[in-house]
Amino acid sequence: MAKNLLIVESPAKAKTIEGYLGSDFLVKSSYGHIRDLVKTDDAIDTDNKFKQKYEVPADKKAVVSELKKLAKVAETVWLASDEDREGEAISWHLFETLGLKEDATKRIVFHEITKPAILKAIENPRKIDYNLVNAQQARRVLDRLVGFELSPVLWRKVKPSLSAGRVQSVAVRLIVEREREINRFHADAAFKIVAVFHTGKGKELFKAELPHRFDTKEEAKAFLNDSINASFAVSTLEKKPAKRNPAAPFTTSTLQQEASRKLGFSVARTMQVAQRLYEAGRITYMRTDSVNLSDTAIKAAENEIVKAYGEKYHKLRKYKTKSAGAQEAHEAIRPTYFSEHSIDGDASERRLYELIWKRAIASQMSEAEFEKTVAKISISTRKEELTATGEIMRFDGFLKVYMESTDDEGDVTGDTESDNALLPPLEAGQALILNQMSATERFSRPPARYTEASLVKKLEELGIGRPSTYAPTISTIQNRGYVVKEDRDGKPRDYRVLTLDNGVVNENIKTEMTGVERNKMFPTDIGVLVNDFLVEHFKDIVDFNFTASVEKEFDEIAHGSKEWTDMLENFYRPFHHEVQDTLENADRATHERELGVDPATGKPVSVRVGRFGPLVQIGSADDEEKPRFASLRKGQMIETITFEEAMELFKLPKKVGEFEEKEMTVAIGRFGPYIRHNSAFYSLPKGLDPLDVSQEQAIEIIKEKRQKDIEKVIRVFDENPDAQIENGRWGPFVRFGKQNLKIPKGTDIQAITYADVLKWAEEDTKGGKSTKKTTKRATTKKK
DNA sequence: CAGTGAGCGAGCTTCCGCTTGACTT
């Protein structure tokens, strides 16, 4: 039996550390927190110094009893949870729950999982830091009080099952406010001048731009007209060196951002894949806010860079974190072995690993060097000057392996391409020949909608949430129906282009799409409603600085300069009063708007949130005649829908004629416009307006779909024509009446028998699937 | 899958952070 029991938070970490220590040490994992507040309302005694009631949750019982057993027989128990607030609390909970003895327990910490770091930690044990534990308790209690007092207010005043919290409510607020900024935004148009020059016949072309834009077409046109007979020359030529430095190695949030931009991963997917890499021993811990690399890692990166690229590509760099709330209990995310440029695994693992490897390696490489050339070009007929810029890379440095991408944040000046184009050799005073010039109408852009990853970035900047909660928070606000991640179609917009070609100025009108969005976060009506309610009644809690200011107090508690119960008293008394006051005095939150009067009936038209979501209503409930209802469609919101858009909704569903003696109806559902015929659904092709589908078109669509369905069938079973194997979106599957059955991996399609189908169908109905289905329905349907 | 939209009103919902499975699509 080992003399020492060492407990860390993560089992993968335990495995690594066990290898560093001799047989005297048994290394085990607590799997994170082992205790939590009880789920009931008596978890915190707010009248009695916020005394908490903890319990070991069911799924932690096994871990706790095993650790208890091992602790009993160990001479010394080493508590090696992370060195931050939560980690300290985990150690304390272990101490209490396992019934450890003061003099047989040692608390140790390390920031990196390397042999020297672990050995050094073991030589420097300390006691549990109760100030830090108290800071965690204050954090935990505050979050529970906020969450479990605010949420019931929403149940009473808005709708059941909603939730509010210190983190999620601010995340929703950011999205709601961004949406409003975008709605308020008015695009300004201006004309951008671009000229194309060359230095002589047969010489290469290059671009130059006018630094400022013209507000009106007339001004732009005058500029082009003036340029017809003008002569152009290089007035000044400036060459200067420029440098670019690599970015710091990844933290959780920067990894999520970069994987989203470069690989198109959702933040949840990034974390899933990273977890697999971590468990396979490929990367260091993936939930971290630190950009720090261990000395061992810095050395290993140097070796690899020198070996693979040569001495001059290496530069030792140390990074400091910029985010205020960082607790830095771990290293930055990096490969465990820099010598492994790529790994085996599925495509997503390989790609994410490569990204992590490149970023970490690049962070220890030399800067890229450029020579930037700026040529000013004079125009004989005007006083303005055009600018041509070119960039030549003198030394690639870190760019040899890695280029960081940037968010497409709403750039007010519009597109800025051609920044690093090449310029031909030029001299000051040299005459230039104009090949072509254009004035293009460009529009200023509204602020960008958040993606999952850019929202994480914003939350991190505000110090809200932790690496372990970014992905779950993003999921929560979507699961509650406060926000949706969606694509939206844009609208066409005309823009004017003036071109000067061969001495003649021509005007054209072109069309571009504007407002196209992919995978962006949009607020829902319920999200807006809840947000506005919270902002009105609990301004302090949803304030963007609330977390930052309580964090400051948690820090004071951690340093021993503040009593945690005092802090909570000061927070809770006024907060609780506000909760009571709101429950008693606030009106039920509604978000109803009168849009106008229906010209056909003279009845009022209004929009509001109903039991099944936002709806338009013609007439009122107290009329003799029943009101008419219609659901809002994707992209429409109570706040912004117009009278005309609302009235459009009543034109569907619409009967378009008969086919095979059954009626055909066109309507719009959750997945777009469709035709319903004989209880079957047929999607309309894109671009076809559901309002003017003719009977002939509808029949055509139905026939086409049927043909395609026949082509999808691979096999039909003689025993039962309702059972067939079809080609689906993710490969073949079995359609069995109304059931869709998965074919087990590695099955030969031709060898499947009807008995197999019956067996799978049976498993499908009794397996976990059916229960899962019903619980899911229960949450969405809410009967 | 998609069309509805109330009724009677029991007993339920909910937070943030720290971890990994055991599930499905």
Side-chain angles (χ1 to χ4, degrees), chain A residues 8-14 29-37 39 41 43-44 57 59-60 63 81-82 84-90 93 136 139-155 159-169 272 275-276 278-279 285 287 327 329 464-470 472-473 476 480 547 608-617 621 626-631 652-653 665 667-676 679-683 728-730 733 738 740 742 764 767-769 771-773 776-782:
Chain A
V8 293
E9 292 181 34
S10 145
K13 217 191 240 183
S29 157
S30 74
Y31 294 81
H33 273 295
I34 52 148
R35 282 208 303 193
D36 194 13
L37 293 171
K39 288 259 178 289
D41 282 344
I44 299 157
D59 58 328
K60 287 294 165 65
V63 188
S81 49
D82 297 345
D84 57 18
R85 214 159 58 201
E86 297 298 326
E88 202 67 20
I90 288 174
H93 282 303
Q136 193 273 348
R139 199 281 304 155
R140 181 69 190 90
V141 168
L142 181 133
D143 280 336
R144 167 58 69 85
L145 290 172
V146 169
F148 276 40
E149 294 213 3
L150 278 191
S151 299
V153 177
L154 295 181
W155 305 343
K159 152 178 160 167
S161 302
L162 295 176
S163 65
R166 174 177 59 83
V167 173
Q168 60 170 285
S169 297
Q272 261 169 27
Q275 176 87 30
R276 291 207 296 271
Y278 169 65
E279 284 169 14
Y285 198 56
R287 292 186 273 264
Q327 309 200 1
I464 298 172
R466 302 279 313 131
S468 67
T469 59
Y470 294 139
T473 300
T476 300
R480 296 269 175 273
T547 291
R608 65 186 168 89
V609 179
R611 204 143 81 86
F612 297 91
L615 61 93
V616 190
Q617 178 175 348
K626 268 183 95 173
R628 296 172 67 205
F629 299 101
S631 295
L652 292 170
T665 314
I668 293 188
R670 209 147 63 78
F671 300 91
Y674 64 94
I675 301 167
R676 200 184 82 242
S679 76
F681 297 91
Y682 304 88
S683 300
R729 202 142 92 73
W730 295 289
F733 70 100
K738 286 199 163 180
N740 289 349
K742 198 160 72 173
D764 185 63
K769 191 187 169 183
T771 55
K772 190 92 182 185
K773 261 260 160 67
K776 210 171 191 174
R777 281 189 91 79
T779 56
T780 50
K781 278 256 170 161
K782 209 78 225 125

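Order of the sequence lines fixes the chain letters, A, B, ..., with proteins taken first and strands second; residue numbering starts at 1 for each chain. Computation of the quantities below employed the complete heavy-atom set of this structure, encompassing side-chain atoms and omitting hydrogens, waters and symmetry-equivalent molecules.
Nucleic acid contact class of A/Asp59 (heavy atoms, under 4.0 Å, all strands): none. Residue contacts shown for A/Ser631 include a base, since a base heavy atom lies under 4.0 Å away. Using a 4.0 Å heavy-atom criterion, one finds that A/Arg480 contacts the sugar-phosphate atoms exclusively. Contacts of A/Ala14 with the nucleic acid, taken as non-hydrogen atoms under 4.0 Å apart, are absent. Counting any heavy atom pair closer than 4.0 Å across all strands shown, A/Ala89 reaches no nucleic acid atom. Backbone-only engagement by A/Val167 is indicated by non-hydrogen atom pairs under 4.0 Å involving sugar-phosphate atoms exclusively. At a threshold of 4.0 angstrom between heavy atoms, the contacts of A/Pro627 with the nucleic acid are absent. Using a 4.0 Å heavy-atom distance criterion, A/Tyr470 is classed as making no nucleic acid contact. Counting non-hydrogen atoms under 4.0 angstrom, A/Ile34 reaches nothing in the nucleic acid. No engagement by A/Glu149 is indicated, since no non-hydrogen atom pair under 4.0 Å with the nucleic acid exists. Using a 4.0 Å heavy-atom criterion, one finds that A/Gly32 contacts the bases of the nucleic acid, with or without backbone contacts as well. Heavy atoms of A/Gly465 sit under 4.0 angstrom from primed sugar atoms or phosphate atoms, though from no base atom. If you check every strand for non-hydrogen atoms under 4.0 Å, A/Gln168 touches sugar and phosphate atoms only.
Checked against B/dT13, B/dC15, B/dG5, the side chain of A/Thr476 finds its nearest nucleotide in B/dC15. Of the candidate nucleotides B/dC18, B/dC16, B/dG5, B/dC16 has the atom nearest to the side chain of A/Asp36. Here B/dC16 is the nucleotide among B/dC15, B/dG5, B/dC16 with the atom lying nearest to any side-chain atom of A/Asp143. Of all nucleotides listed (B/dC15, B/dC18, B/dT19), B/dC15 comes nearest to the side chain of A/Lys39. Set against B/dT13, B/dC15, B/dT20, the side chain of A/Trp155 has B/dT13 as its closest nucleotide.
Of the candidates A/Arg35, A/Gln136, A/His33, A/Arg35 is the only one forming a side-chain hydrogen bond (donor to acceptor under 3.5 Å, both in side chains) with A/His93.
A donor-acceptor contact under 3.5 Å is not formed by the side chain of A/Ser163 with the base of B/dT14.
Proximity of A/Ser151 to the phosphate of B/dC15: no side-chain N or O atom is located under 4.0 Å from OP1 or OP2. Residue A/Arg140 places none of its side-chain N or O atoms closer than 4.0 Å to OP1 or OP2 of B/dG17. In this model, the phosphate group of B/dC15 is not approached by any side-chain N or O of A/Arg139 to a distance below 4.0 Å at OP1 or OP2. A close approach under 4.0 Å does not occur between any side-chain nitrogen or oxygen of A/Ser468 and OP1 or OP2 of B/dC16. Between A/Arg466 and B/dC15 there is no side-chain polar atom (N or O) within less than 4.0 angstrom of OP1 or OP2. Regarding contacts with the backbone of B/dG17, a side-chain N or O of A/Thr469 is found under 4.0 angstrom from either OP1 or OP2.
The number of heavy atoms from other shown groups lying within 6.0 Å of CG (A/Asp59) is above 12.
Looking at A/Arg139 and A/Glu86, a side-chain N of the basic residue comes within less than 4.0 Å of a carboxylate O on the acidic one, giving a salt bridge.
Residue-nucleotide stacking is not present for A/Phe148 and B/dC15, judged by a side-chain ring centre under 5.5 Å from the six-membered base ring centre and planes under 30° apart. In this structure, the aromatic ring of A/Tyr31 is not positioned over the six-membered ring of the base of B/dT19 within 5.5 Å between centres and 30° between planes.
Under the 3.5 Å distance criterion, with hydrogens and angles disregarded, no donor-acceptor pair is assigned to the side chains of A/Ser468 and A/Arg287. No side-chain N or O of A/Ser10 forms a donor-acceptor pair with one of A/Tyr31 less than 3.5 Å apart.
To the nearest whole angstrom, the two C1' atoms, one in B/dT13 and one in B/dG9, are 16 Å apart.
Summarising the geometry, the separation between CG on A/Asp41 and P on B/dT14 is reported as 13 Å, rounded to the nearest angstrom. Separating the OH atom of A/Tyr285 from the P atom of B/dG17 is a distance of 14 Å, rounded to the nearest angstrom. Protein atom NZ of A/Lys159 is 17 Å distant from nucleotide atom P of B/dT13, rounded to whole Å.
Annotation: A/Tyr674 is not in aromatic contact with A/Tyr682 [ring centroid separation under 6.0 Å not met].
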